Amino acid sequence: MHDTQHRPLIWVLKGLRQGDTAQAMALALQLGGRVEGKQLGFNRLHAVPNWLAGAGVSHLTHDTRSLLRPPWPDAVVATGRRTARVALWIKH
């Protein structure tokens, strides 16, 4: 049995496109850590361009924001502009 405490925690930020999510999950599984998928839900602010909004979670629903809490991951896999803002926020 492997000690899961020492395996890196990898979050996959799941967006609206199933194909993107499938590829992100496949990549995360290949990395060999503990993989957790985080299904993100978006509000109206998702339409604000990333260059204007920057890193953050203001474009996520309240329920989604409550999923993003410690323990923080060692790595994040995200695809698409909506999930990229969240990945940068987690990094900070």
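Keep in mind that this is a model prediction, so the values were computed, not measured. For the single chain, residues carry numbers from 1 onward in sequence order.
To the nearest 0.5 Å, atom OG1 of residue Thr64 and atom NE2 of residue His59 are 9.5 Å apart. Expressed to the nearest 0.5 Å, how far CG of Leu16 lies from OG1 of Thr21 amounts to 8.5 Å. If you take CD on Gln30 and CD1 on Ile10, they are separated by 10.5 Å, rounding to the nearest 0.5 Å. In this structure, NZ in Lys91 is found 15.5 Å from CH2 in Trp72, a value given to the nearest 0.5 Å. Here the CG-OG1 distance, from Asp20 to Thr83, works out to 8.0 Å after rounding to the nearest 0.5 Å. Interatomic distance, CG of Leu13 versus CG of Leu60, reported as 9.0 Å (0.5 Å rounding).
Side-chain atoms of Leu31 and Pro8, non-hydrogen and from C-beta on, never get closer than 4.5 Å to each other. Side-chain contact between Trp11 and Val77 is absent, with no heavy-atom pair separated by less than 4.5 Å.
When the shell of 6.0 Å around CZ of Arg65 is examined, it contains more than 12 heavy atoms from other residues, nucleotides or ligands.
Salt bridge Glu36/Lys38: present, at least one basic N to carboxylate O contact under 4.0 Å.
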- Task: Start with the C-alpha distance between Met25 and Val35, add both sets of side-chain angles, then the distance that settles side chain to side chain contact (heavy atoms under 4.5 Å, CB included), and finish with yes or no.
- Result: CA-CA 8 Å; Met25 287 296 288; Val35 176; 4.0 Å; yes
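When the side chains of ILVMFWY residues are joined at heavy-atom separations under 4.5 Å, either directly or via intervening members, Leu88 and Val76 end up in two distinct hydrophobic clusters. In this structure, Leu27 is a member of the same hydrophobic cluster as Leu29, with clusters built from ILVMFWY side-chain heavy atoms closer than 4.5 Å. Under the 4.5 Å side-chain heavy-atom criterion for ILVMFWY residues, no single connected hydrophobic cluster contains both Leu9 and Val12.
Listed for the Arg34 side chain is a donor-acceptor partner under 3.5 Å among the backbone atoms of Arg7.
The minimum heavy-atom distance between Ser58 and Arg85, with the atom names listed, is OG-NH2, 3.7 Å.
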